[in-house]
Amino acid sequence: MKSLRFSSSLALALAAVASLVAGSARAQAAPDAPALYRQHCAACHGEQRTGGMGPALLPESLERLRRPEALKVITQGRAATQMAGFAPALKAEEIAALAQWIYTPVLPAPTWADADIRASRVETPGAKDLPAKPVWSADPMNLFVVVEGGDHHVSLLDGDRFERMHRFASRYALHGGPKFSPEGRFVYFGSRDGWITKYDLWNLTVVAEVRAGLNMRNVAVSGDGKWIMAANYFPHTLALFDADLKLVKTYAATTADGRASSRVSAVYDATPRQSFVVALKDIPELWEISYDPKAEPLYDGLVHDYKMGEGVPKPGQFGVKRSRLDEPLDDFYFDQAYTHAFGATRPKGEGQPNAQVVNLDVRRTIARLPIAGMPHLGSGITFDWQGRRVMASPNLKDGAIDVIELDSWKPVKTIRTPGPGFFMRSHEKSRFAWTDSMMSPTARDTLTIIDKTTLEPVASVREPGRTLAHIEFTKDGRYALASVWEMDGALIVYDATTFKEVKRLPMSKPVGKYNVFNKITRSEGTSH
Ligand code: DHE
């Protein structure tokens, strides 16, 4: 009896210890992030984290979101979106585990094949049959498309009266300039999550949408308006569509032998050449893909891609012409004749950023650009200075605008600005070029105005303590429009001669604005 009592109290004690140990193990066990994700996040962000109603949460998609910011968004939610804060539902350590886990790769890696692209396409019934005439009365050539990144909307602005004509929701996080069809009726937007939206500006409706990739850089529209090319970081592909966003083909961004693959830095249309020009981020090659139906077959002994015809050389339309480079390119733009591409390399770590000139006809680098810092050539402009053609581009690292003569590739001048900037813009009819210093913590609120005849800064405009950036001129070059790049931001219209503010419209972080005329005529003062 005694021994029974002893053993039962021992059993009780052991059970208590066991329960304590289990309890403390439970308390110490790390939260199960994948299970939490499935329960709370997958419905909006997708089982595979490839996105759905909410954005993709892949490491590639999150590269630009700092981890403390991710933690804050999961805890507090994101204003003006469907993303609610999870502080009431989840413990701090569960949120921390989720915030860490979404930066790990999805295994096995998600795929996005041609069938997925085709299946993703949606079109608005009847949109294709709408009349080819604006339903509004403003000048269709002086229309501005303004991308408002704060709450992911697009505003259409009458560029004569500076009044908002329409506002609609866009895909999450549009990036790169929207691209217009040649007559200016349709505009194509690209989102970082890979969505392309075709929008009819004259009838104010989405025509079609398709997801070209899981993490996209930008889109380009061919000069004849017939083809759309999308550049992807993930997967490593280019995707070619017809004007209605029906997939024509994808290109694997690989070396000719298929051994190495690459993210695609960007694709641009080169209308005078009837081709798309493509920069690869991880392979030192610049590609040119002709959309000219009469393009010559690719037989000239250089490295080409004959995959379209399964080994049988085809006419050159849509074939890949490769130019070998010394380094891969991050961004680039062209001279007005589209004979040369100016490209910048921004290596991570030890490597020095640099810039080069590639002649697209001889298909090699013909000069190095003597630019210090981290040039943002994609935002460069060209103009005439003292009878010579020059280019000027901002610099992501230094408060400097480098001006280079295009014939000799020699530096003409370095113009000092109050801090590193992202965008530079001008217009054929304006004597001035405007540039921001948005990368500078102290001067991000300042736009510097440079006289293109003297290459001297002559004035500046400021929005104290707020980020002021990205300029685009009206069709006639009389006004310069800039963004107060804040959630409670604004679009400011300046007189481009007196630099006085003419009008201000409240907007939600208006990241970029694009004038139809300047874009479709490929104005020398803006991006194309
Ligand atoms: Fe952009 C255009 C690359 C970060 C806003 N940006 C482009 C283009 C390229 C590019 C190649 C030209 C494509 C086009 O217009 O079709 N951008 C990059 C980068 O490599 C970089 C530095 C880092 C990245 O991870 O992408 C980068 N870009 C940004 C931003 O942080 C900006 C400021 C805010 C955002 O929304 O992402 C930004 N990029 C823009 C804008 C344009 C752009 C507004 C179009 C400018 C124009 O006037 O045409």
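Indexing begins at 1, ligand by ligand and atom by atom, following the structure's order. Note that this is a predicted model, so its numbers are computed, not measured.
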Participant: Quick one: is the NZ or CZ of R425 closer than 6.0 Å to the six-membered ring centre of W434, and within 45° of its axis?
Facilitator: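 The answer is no, since R425 fails at least one limit relative to W434.
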Participant: Less than 4.0 Å is my threshold; does some heavy atom of Y268 fall inside it relative to ligand 1?
Facilitator: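 Yes; Y268 lies near enough to ligand 1 that a heavy-atom distance drops under 4.0 Å.
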Participant: Is it the case that R263 places NZ or CZ above or below the six-membered ring of Y233, under 6.0 angstrom from the centre and within 45 degrees of the axis?
Facilitator: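 Yes, R263 and Y233 form such a contact.
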Participant: Could you tell me the residue and atom name of the protein heavy atom closest to atom 21 (C) of ligand 1, and the distance to it rounded to 0.1 Å?
Facilitator: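 The closest one turns out to be R346 NH2, 4.2 Å.
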Participant: Do K249's NZ or CZ and the ring of Y251 fall within the cation-pi criteria of under 6.0 Å and 45°?
Facilitator: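 Yes, K249 and Y251 form such a contact.
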Participant: Just need the protein heavy atom nearest to atom 41 (C) of ligand 1, so name the residue and atom and give the distance.
Facilitator: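 Closest protein heavy atom to atom 41 (C) of ligand 1: F423 CZ, 3.7 Å.
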Participant: So is there a nitrogen or oxygen of D331 less than 3.5 Å from a nitrogen or oxygen in ligand 1?
Facilitator: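 No: no nitrogen or oxygen of D331 is under 3.5 Å from one in ligand 1.
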Participant: Among protein heavy atoms, which sits nearest to atom 33 (C) of ligand 1, and what does the distance come to when rounded to 0.1 Å?
Facilitator: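 Looking at atom 33 (C) of ligand 1, the protein heavy atom closest to it is W485 CH2, 3.6 Å.
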Participant: Would N218 count as a polar contact of ligand 1, with the cut-off being nitrogen or oxygen pairs under 3.5 Å?
Facilitator: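 Yes, since at least one N or O of N218 sits under 3.5 Å from an N or O of ligand 1.
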Participant: Identify the closest protein heavy atom to atom 18 (C) of ligand 1: which residue and atom is it, and at what distance?
Facilitator: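 The protein heavy atom lying closest is R217 NH2, 3.4 Å.
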Participant: Using a 4.0 Å cut-off to any heavy atom of A266, which atoms of ligand 1 qualify?
Facilitator: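 In order of numbering, the contacting atoms are 11 (C).
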Participant: May I ask you to check whether R425 has an N/O atom sitting below 3.5 Å from an N/O atom of ligand 1?
Facilitator: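 Yes; at least one N/O pair falls below 3.5 Å.
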Participant: Between S265 and ligand 1, is there a nitrogen or oxygen pair with a distance under 3.5 Å?
Facilitator: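 Looking only at distances, the answer is no, because the N/O contact criterion of under 3.5 Å is not met.
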Participant: Any N or O on G176 sitting closer than 3.5 Å to an N or O of ligand 1?
Facilitator: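 No, no N or O pair falls under 3.5 Å.
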Participant: Identify the heavy atoms of S437 and A443 that sit nearest to each other, and give their distance.
Facilitator: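 So the minimum-distance heavy-atom pair works out to CB-O, 3.4 Å.
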Participant: Should the pair K198 and Y188 be classed as cation-pi, given the thresholds of under 6.0 Å to the six-membered ring centre and 45° from the axis?
Facilitator: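 Pair K198/Y188 does not count as cation-pi.
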Participant: Counting non-hydrogen protein atoms only, what is the nearest one to atom 23 (C) of ligand 1? Give residue, atom name and distance.
Facilitator: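 The protein heavy atom lying closest is R64 NH1, 4.1 Å.
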Participant: F342 and ring-ring contact (aromatic ring centres under 6.0 Å, His included): which single residue from F334, W409, F332 fits?
Facilitator: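 Result: among F334, W409, F332, W409 is the only option passing the ring-ring contact (aromatic ring centres under 6.0 Å, His included) with F342.
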Participant: Which of the atoms in ligand 1, numbered in the order shown and given with their element, are less than 4.0 Å from a heavy-atom of H470?
Facilitator: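 Numbered from 1, ligand 1 contributes 46 (C), 47 (C), 48 (O).
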Participant: Is the shortest distance from a Lys or Arg side-chain nitrogen in R466 or D488 to a carboxylate oxygen in the other one below 4.0 Å?
Facilitator: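 Yes.
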Participant: Give the atom numbers and elements of ligand 1 that come within less than 4.0 Å of a heavy atom of S527.
Facilitator: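 With S527 as reference, the close atoms of ligand 1 come out as 47 (C), 48 (O), 49 (O).
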Participant: Which residue and atom name correspond to the protein heavy atom nearest atom 1 (Fe) of ligand 1, and how close is it?
Facilitator: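 Result: H175 NE2, 2.2 Å.
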Participant: Report yes or no: is the cationic atom of R192 (NZ for Lys, CZ for Arg) closer than 6.0 Å to the six-membered ring centre of Y172, at no more than 45° off its axis?
Facilitator: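 Pair R192/Y172 does not count as cation-pi.
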Participant: Give me the residue, atom name and distance of the protein heavy atom closest to atom 16 (O) of ligand 1.
Facilitator: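 Among all protein heavy atoms, the one nearest atom 16 (O) of ligand 1 is K179 NZ, 2.4 Å.
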Participant: Carefully, step by step, assess N232 and T237 under the rule side-chain hydrogen bond (donor to acceptor under 3.5 Å, both in side chains).
Facilitator: CA-CA 5 Å; N232 288 322; T237 54; 3.0 Å; yes
Participant: Decide if atom CZ of R462 counts as having more than 12 heavy atoms of other residues, nucleotides or ligands within a radius under 6.0 Å.
Facilitator: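 More than 12 heavy atoms, drawn from other residues, nucleotides or ligands, come within 6.0 Å of this atom.
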Participant: Within 45° of the axis and under 6.0 Å from the centre of the six-membered ring of W101, does NZ or CZ of R49 qualify?
Facilitator: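 Yes, a cation-pi geometry holds between R49 and W101.
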Participant: I'd like to check whether R192 has a polar contact with ligand 1, where a contact means an N/O of the residue lying under 3.5 Å from an N/O of the ligand.
Facilitator: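 Yes.
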Participant: For atom 44 (C) of ligand 1, what's the nearest protein heavy-atom neighbour? Residue, atom name and distance, please.
Facilitator: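 Sorting protein heavy atoms by distance from atom 44 (C) of ligand 1 puts Y514 OH, 3.5 Å first.
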